[in-house]
Amino acid sequence: MNEANAMDTSTIRIAIRKLPDHFDRSRITDILDEIETALMDDGGVDAKTYADSFTITVEIPTHQLLDTASCLQGLGLV
């Protein structure tokens with residue numbers, strides 16, 4: 001893998017209104033922490049998460065997109 005590819009990132013956006021019921025929408029920072037922890041622990045993915053009023057954004061290295069999708073599916077987010 002060349003150095004340019006190592007720096008490529010992908011962004012996944014999740015609508016807060018569509019979060020599964022087991023997520024407490026009033027505690028968005030806890031949800032962001034849970035997503036980051038799950039991605040690191042389950043998939044070895046170093047993700048950055050943030051949210052606005054409507055959307056959670058997950059930024060990940062593109063080469064870890066499949067690991068990320070699998071983990072997010074396990075959380076019920078995709």
Side-chain angles (χ1 to χ4, degrees):
M1 175 183 306
N2 67 36
E3 202 169 314
N5 288 340
M7 302 302 283
D8 290 346
T9 60
S10 292
T11 302
I12 298 167
R13 291 188 176 84
I14 302 164
I16 292 172
R17 64 182 168 79
K18 291 189 175 187
L19 289 172
D21 290 338
H22 66 274
F23 288 104
D24 182 352
R25 290 173 186 85
S26 69
R27 303 180 65 102
I28 293 298
T29 56
D30 291 342
I31 294 171
L32 298 178
D33 289 343
E34 184 175 345
I35 292 170
E36 284 187 18
T37 299
L39 286 170
M40 181 55 75
D41 291 351
D42 297 342
V45 178
D46 185 20
K48 292 179 178 61
T49 60
Y50 51 93
D52 60 25
S53 298
F54 303 101
T55 309
I56 291 173
T57 301
V58 182
E59 290 184 354
I60 51 106
T62 299
H63 71 277
Q64 292 185 304
L65 192 55
L66 290 176
D67 294 328
T68 301
S70 176
C71 184
L72 293 177
Q73 183 178 23
L75 291 172
L77 296 173
V78 293

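This structure is a prediction, so every number in the text was calculated from the model and none was measured.
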Leu65-Val78 co-clustered via ILVMFWY side chain contacts under 4.5 Å: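 Per the 4.5 Å side-chain linkage, Leu65 and Val78 are co-clustered.
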
Common cluster, Met40/Ile35, ILVMFWY with side-chain heavy-atom separation under 4.5 Å: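 The answer is no; the residues belong to distinct hydrophobic clusters.
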
Are [X] and [Y] packed together at the side-chain level, in the sense that at least one heavy-atom pair is separated by less than 4.5 angstrom?
X     : Y     : result
Leu39 : Val58 : yes
Thr11 : Thr57 : yes
Ile16 : Phe54 : no
Glu34 : Leu75 : yes

Greater than 12 external heavy atoms within 6.0 Å of Arg25's CZ: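 Above 12, so yes.
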
Exceeds 12 heavy-atom contacts within 6.0 angstrom, atom CG of Asp21: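 Result for CG/Asp21: open.
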
Full working for side chain to side chain donor-acceptor pair (under 3.5 Å) between Glu36 and Thr49: CA-CA 7 Å; Glu36 284 187 18; Thr49 60; 2.6 Å; yes

Roughly how far apart are [X] [atom1] and [Y] [atom2], rounded to 0.5 Å?
X     : Y     : atom1 : atom2 : result
Leu32 : Thr29 : CG    : OG1   : 7.0 Å
Thr68 : Glu59 : OG1   : CD    : 12.0 Å
Cys71 : Ile60 : SG    : CD1   : 11.0 Å

Leu77 vs Leu19, side-chain contact (heavy atoms from CB on, under 4.5 Å): CA-CA, chis, key distance, verdict: CA-CA 7 Å; Leu77 296 173; Leu19 289 172; 3.5 Å; yes

Side chain Ser70, main chain Leu66, donor-acceptor under 3.5 Å: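 Side chain of Ser70 to backbone of Leu66, a donor-acceptor pair under 3.5 Å: no, none is there.
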
Polar side-chain atom of Arg13 near backbone of Ile56 as donor-acceptor pair, under 3.5 Å: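 Judged by distance alone, no pair lies under 3.5 Å.
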
side-chain contact (heavy atoms from CB on, under 4.5 Å) assessment of Ile14 paired with Thr55: CA-CA 6 Å; Ile14 302 164; Thr55 309; 5.8 Å; no

